[in-house]
Amino acid sequence: MIFYFLAVTLILSAILVVTLKNIFHCALFLIVAILAIAGLYFHLQAPFLGVVQLIIYIGAIMVLILFAIMLTSRISDRLLQTASRQSIPALLAVIVFILLALKSLDKTPLPAHIGKNFDPILDLGRALMTAYVLPFEVVSLLLLVALVGAIALARKD
Amino acid sequence: MLDFIIYLVIGIIFVVGSFAAAYFFSPHHPTDKKLATYECGEDPIKGSWIQYNVRYYLLGLAFVIFDVEAIFLLPCVLVMKSLGLIAFIELAIFIFILVLGLAYAWRKGALEWI
């Protein structure tokens with residue numbers, strides 16, 4: 001029941017994102033779509049992923065997208081072209097994607113096996129601190145590169 | 001589940017009901033002046049769509065980076081005590097690399113408002 005509510009919300013808002021003419025309204029419905037995905041994560045008992053989705057995508061990425069829209073001068077006058085003449089390639093791409101998704105679903109043992117004392121947040125932290133400590137530090141380096149690159153690109157001089 | 005539905009229904013009734021009551025019971029005599037954006041004598045000059053300062057975007061970019069950092073720190077901090085000194089050193093390296101980024105942003109003046 002909750003799943004279907006979230007799924008319908010997600011699909012409807014995703015359709016509105018690609019069909020609305022005003023780009024600002026598209027961005028607002030993208031927020032609704034991301035909220036629905038976060039709800040799905042919580043519903044599927046992945047609370048950490050849900051929190052990440054809320055904090056990073058809605059808290060940071062969407063703010064950045066809205067700023068980018070509002071930074072662009074006179075974007076509100078233009079209406080987006082939402083119809084495409086590339087419908088046959090798009091259909092092919094969708095079919096390939098569905099086939100690949102079905103194939104990978106087929107290879108996944110469901111329902112996933114979860115240990116008795118599994119705690120998503122603590123086990124993730126333990127893995128990051130022991131087995132995956134090098135990728136963890138590389139993430140920090142990657143964030144540094146992103147920050148320096150963003151500043152270098154965004155500054156005028 | 002039943003609790004959720006009860007909350008949902010009461011919430012919807014509350015919002016829709018209060019707006020509907022305001023719509024039906026309050027008098028409507030709109031004039032041009034009343035419909036203006038600022039109802040205190042200020043006439044707006046242009047539309048509300050203005051171009052924002054690029055500084056907001058820079059700060060937003062820096063915010064994204066440190067947001068991701070905070071998310072990564074949370075699960076590690078929770079288990080740090082049980083793993084001892086080595087975890088502390090790992091976290092210190094992680095934060096040190098990002099402090100370098102913050103220092104760079106500061107040095108380049110990305111945090112200043114011009």
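Letters go in sequence order (proteins before strands), and every chain restarts at 1.
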Shared hydrophobic cluster, [X] / [Y] (ILVMFWY, side-chain heavy atoms < 4.5 Å):
| X | Y | result |
| --- | --- | --- |
| A:Leu6 | A:Tyr4 | yes |
| A:Val133 | B:Ile89 | no |
| A:Ile15 | A:Ile34 | no |

Using every non-hydrogen atom in the two residues, find where [X] and [Y] come nearest and quote the distance to one decimal.
| X | Y | result |
| --- | --- | --- |
| B:Ala105 | A:Ile151 | CB-CD1, 3.3 Å |
| A:Leu147 | B:Leu102 | CD2-N, 4.0 Å |
| B:Leu98 | A:Leu144 | CD2-N, 4.3 Å |
| B:Leu78 | A:Ile121 | CD1-CG2, 3.6 Å |
| A:Glu137 | B:Ile93 | OE1-CG2, 3.5 Å |

ask   = Checking A:Phe136 against chain B: side chain, backbone, both or neither under 4.5 Å from a heavy atom?
value = both
Under 6.0 Å from the [atom1] atom of [X], do we count more than 12 heavy atoms belonging to anything else shown?
| X | atom1 | answer |
| --- | --- | --- |
| A:Phe42 | CZ | yes |
| B:Phe66 | CZ | yes |
| B:Leu8 | CG | yes |
| B:Ile5 | CD1 | yes |

message = So if I apply the side-chain contact (heavy atoms from CB on, under 4.5 Å) rule between A:Ser140 and each of B:Phe96, B:Phe94, B:Phe72, which one comes out positive?
response = B:Phe94
remark   = When A:Leu64, A:Leu143, A:Val63 are each screened for side-chain contact (heavy atoms from CB on, under 4.5 Å) with B:Val64, the one that passes is A:Leu64
remark   = Note: vs chain A, highest number of non-hydrogen pairs under 4.5 angstrom among B:Leu83, B:Leu74, B:Ile65, B:Leu100 is B:Ile65
ask   = Out of B:Ile86, B:Ile95, B:Val77, B:Asp67, which one racks up the most heavy-atom pairs below 4.5 Å with chain A?
value = B:Asp67
If I take atom [atom1] from residue [X] and atom [atom2] from residue [Y], how far apart are they, to the nearest 0.5 angstrom?
| X | Y | atom1 | atom2 | result |
| --- | --- | --- | --- | --- |
| B:Ile97 | A:Leu142 | CD1 | CG | 11.0 Å |
| A:Arg126 | B:Cys76 | CZ | SG | 11.5 Å |
| B:Leu61 | A:Phe67 | CG | CZ | 10.5 Å |
| A:Phe48 | B:Ile71 | CZ | CD1 | 5.0 Å |

query = Taking A:Val148, A:Leu128, A:Leu124 one by one, which has the highest count of heavy-atom pairs under 4.5 Å against chain B?
reply = A:Val148
request  = For side-chain contact (heavy atoms from CB on, under 4.5 Å), just list the numbers for A:Met129 and B:Leu91, CA-CA rounded to whole Å, side-chain angles, deciding distance to a tenth of an Å, and then say yes or no.
outcome  = CA-CA 8 Å; A:Met129 289 280 89; B:Leu91 273 180; 4.2 Å; yes
